[in-house]
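Below is one structure; the comments refer to it alone.
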Amino acid sequence: MTHRIGFVGLGNMGGPMAANLVKAGHTVTGHDLVPEARERAAGQGVRIAASAAEAVADAELVLTMLPTGRHVLEVYRELTASAVDALFVDCSTIAVEDARAARDLARTAGHRALDAPVSGGVPGAEAASLTFMVGGAAEDFAAAEPVLAAMGRKVVHCGESGTGQAAKICNNMILGVSMIAVAEAFVLGESLGLSHQALFDVASTASGQCWALTSNCPVPGPVPASPANRGYPAGFAAALMAKDLGLAADAAEAFAVPAELGRRASELFADFARGDGAGRDFSAIITTLRENTA
Ligand code: NAD
C-alpha cells in the first residue's frame with residue numbers, strides 16, 4: 001500500500017530516506033530550508049513544495065528529520081496547523097521530553113504521533129538498512145511500520161511515546177562509553193608494548209568484544225573498513241556523538257540516575273567536539289586520549 005507522505009528536513013539523513021520512500025512507490029512531497037538539499041531530493045523523485053506547510057497539506061504521513069528538538073518543535077507548531085488528520089513521525093534524535101511535547105502538539109491539533117529515531121548513519125539511510133526505534137501507540141506503530149520498513153532493516157516498537165528516543169540515547173551511551181573503553185585499552189597497550197593487532201586478535205574473540213572494537217576500530221590496521229585507516233573521516237561524527245551523549249547525560253540528571261561513565265563520556269566527547277574533533281569520526285577520540293598520556 002502506498003501513501004502520500006510529507007517529508008521535512010532533506011539533509012544528510014532525510015534526503016536518502018525520502019529517496020527510498022520514492023523507490024518504494026510512495027508519493028513524497030518534501031521541503032528543506034537549504035536549496036542544495038531540495039535540488040538533490042528533487043533529483044531522486046521527491047516533489048518539492050515551496051514551504052514545509054505546503055509539503056504536508058494533503059499528507060497521510062508527515063515525516064521529519066531535523067537537527068534538534070528546538071527545530072522539531074518549531075516545525076511541529078507550523079505543520080500541525082497545516083496537515084489534516086495525519087500520522088506524524090519524527091525521526092530526528094531529540095530529548096524524550098521534546099518528543100513528548102511534539103506528540104502533545106500533534107494530538108492537540110487532532111493528529112497521531114510517533115517518535116522514531118534511527119541508528120545506522122548516512123550509509124544506512126542510503127542503503128535503506130536503518131534501525132528504527134519507535135515510541136507511541138500500538139495502532140499508530142502498525143500503520144507506520146511498512147513505511148519505515150522501506151527505509152530500514154529493523155523497526156522496533158519500544159513502548160509508549162518517548163521510548164524510541166529513550167532507546168536511542170541509551171544505545172548511544174553504550175556506544176560512547178565502549179568507544180572510550182576500547183580507545184583507552186589500545187593506548188594502555190601501546191605503553192605496555194602490546195601491538196594493536198595482538199590486542200585486537202585477543203579482545204575481538206574474548207569478552208572485550210564490542211562494535212566499537214570489531215566494526216569501528218579506533219586504530220588503523222585490524223579492521224580495514226574503519227575510519228581510522230583513512231585519517232578518521234566521519235562515519236559517525238564526534239559532534240553527533242557529543243549531542244547524543246549530552247541528551248543521555250541530561251536525562252540521567254533529570255531522573256537522578258548516576259550514570260557516571262555516561263556523564264564522563266559526555267564530557268570527553270563534548271571537549272573533543274569543541275576542538276578540531278567535531279567533524280571527525282567519533283573513534284578519533286583516541287588521538288586526544290593518547291595525547292593526554294604522559
Ligand atoms: P542535517 O543537518 O544534514 O539535516 C537536517 C536538515 O534539516 C538540514 O538540511 C536543514 O536545512 C533542515 N532544516 C532545519 N530546519 C528546517 C525547517 N524549519 N524547515 C525545513 N528544513 C529544515 O542533519 P542529519 O545528519 O540529516 O541529521 C538529522 C537528525 O538525525 C539529527 O537529529 C541527528 O542527530 C540524527 N541522526 C543523524 C545521523 C547521522 O549519521 N548523520 C545518524 C543518526 C541520527
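Counting convention: from 1, in listed order, for ligands and their atoms alike.
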Query raised in the report: To the nearest 0.1 Å, how far is atom 27 (O) of ligand 1 from its closest protein heavy atom, and which atom is that?
Result: M13 CG, 3.9 Å

Requested in this report: May I ask you to decide whether R100 forms a salt bridge with E97, counting only side-chain N to carboxylate O separations under 4.0 Å?
Outcome: no

Query raised in the report: For A52, is the nearest heavy atom under 4.0 Å from an atom of ligand 1?
Result: no

Requested in this report: Look at the side chain of H157 and the backbone N and O of G159, then say whether any donor-acceptor pair between them is shorter than 3.5 Å.
Outcome: yes

Query raised in the report: Do D281 and F236 touch side chain to side chain, with heavy atoms closer than 4.5 Å?
Result: yes

Query - Proximal atoms of ligand 1 relative to G9 (non-hydrogen, under 4.0 Å) - result: 7 (O)

Report summary line: If we number the atoms of ligand 1 from 1 as shown, the ones under 4.0 Å from a heavy atom of S92 are 32 (O)

Query raised in the report: Does E78 reach ligand 1, in the sense of a heavy atom lying below 4.0 Å from it?
Result: no

Query raised in the report: Numbering the atoms of ligand 1 from 1, which are under 4.0 Å from a heavy atom of V8?
Result: 19 (N), 20 (C)

Query raised in the report: Would a distance-only check, ignoring hydrogens and angles, find a side-chain to backbone donor-acceptor pair under 3.5 Å from D271 to L268?
Result: no

Query raised in the report: Among protein heavy atoms, which lies nearest atom 41 (N) of ligand 1, and at what distance?
Result: L240 CD1, 3.4 Å

Requested in this report: Using a strict cut-off of less than 4.0 Å between a Lys/Arg side-chain nitrogen and an Asp/Glu carboxylate oxygen, indicate whether R4 and D58 qualify as a salt bridge.
Outcome: yes

Report summary line: If we number the atoms of ligand 1 from 1 as shown, the ones under 4.0 Å from a heavy atom of T93 are 32 (O), 34 (O), 35 (C), 44 (C)

Query raised in the report: Among all protein non-hydrogen atoms, which one is nearest to atom 19 (N) of ligand 1, and what is the separation to 0.1 Å?
Result: L33 CG, 3.6 Å

Requested in this report: Take the angle between the ring planes of F269 and F282 and call it parallel below 30°, perpendicular above 60°, tilted in between.
Outcome: tilted

Report summary line: When distances are taken from atom 1 (P) of ligand 1, the protein heavy atom at minimum range is N12 N, 4.0 Å

**Report entry** From P117, G30, A41, P67 - option closest to atom 2 (O) of ligand 1 by heavy atom
**Finding:** P67

Query raised in the report: Out of E36, M65, E74, who gets a non-hydrogen atom closest to atom 5 (C) of ligand 1?
Result: M65

Query raised in the report: Does one side chain, of T64 or D90, offer a donor that lies under 3.5 Å from an acceptor on the other?
Result: yes

Query raised in the report: Got more than 12 heavy atoms from elsewhere within 6.0 Å of CZ, R230?
Result: yes

Query - N/O donor-acceptor pair under 3.5 Å between Q165 side chain and I94 backbone - result: yes

Query raised in the report: Has R47 got more than 12 heavy atoms of other residues, nucleotides or ligands less than 6.0 Å from its CZ?
Result: no

Query raised in the report: Relative to ligand 1, is T68 under 4.0 angstrom through side chain, backbone, both or neither, heavy atoms considered?
Result: neither

Report task. Within a distance under 4.0 Å of any heavy atom of V75, pick out the atoms of ligand 1 and give their elements. Result -> 17 (C), 18 (N)

Report summary line: The protein heavy atom nearest to atom 6 (C) of ligand 1 is D32 OD2, 3.5 Å

Query raised in the report: Short list, please: which atoms of ligand 1 are under 4.0 Å from a heavy atom of H71?
Result: 15 (N)

Query - Qualifying residues under salt bridge (Lys or Arg N to Asp or Glu O under 4.0 Å), relative to R280, sequence neighbours excluded - result: none

**Report entry** R40 and ligand 1 - part of the residue with a heavy-atom distance under 4.0 Å
**Finding:** neither

Report task. Please write down residue, atom name and distance for the protein heavy atom closest to atom 4 (O) of ligand 1. Result -> G11 CA, 3.4 Å

Query - Matching residue for E184 among L289, T293, I286 - test: side chain to side chain contact (heavy atoms under 4.5 Å, CB included) - result: L289

Requested in this report: Starting from atom 22 (C) of ligand 1, find the nearest protein heavy-atom neighbour and note its residue, name and distance.
Outcome: L66 CD2, 3.5 Å

Report summary line: Between K168 and V118 the two heavy atoms that sit nearest each other are NZ-O, 2.7 Å

Report task. Any atoms of ligand 1 less than 4.0 Å from a non-hydrogen atom of G121? List them with their elements. Result -> 40 (O), 42 (C)

**Report entry** Protein heavy-atom partner closest to atom 33 (C) of ligand 1 - residue, atom, separation in Å
**Finding:** K243 NZ, 3.8 Å

Query raised in the report: If you count the atoms of ligand 1 from 1 in the order shown, which ones are under 4.0 Å from a heavy atom of V34?
Result: 11 (O)

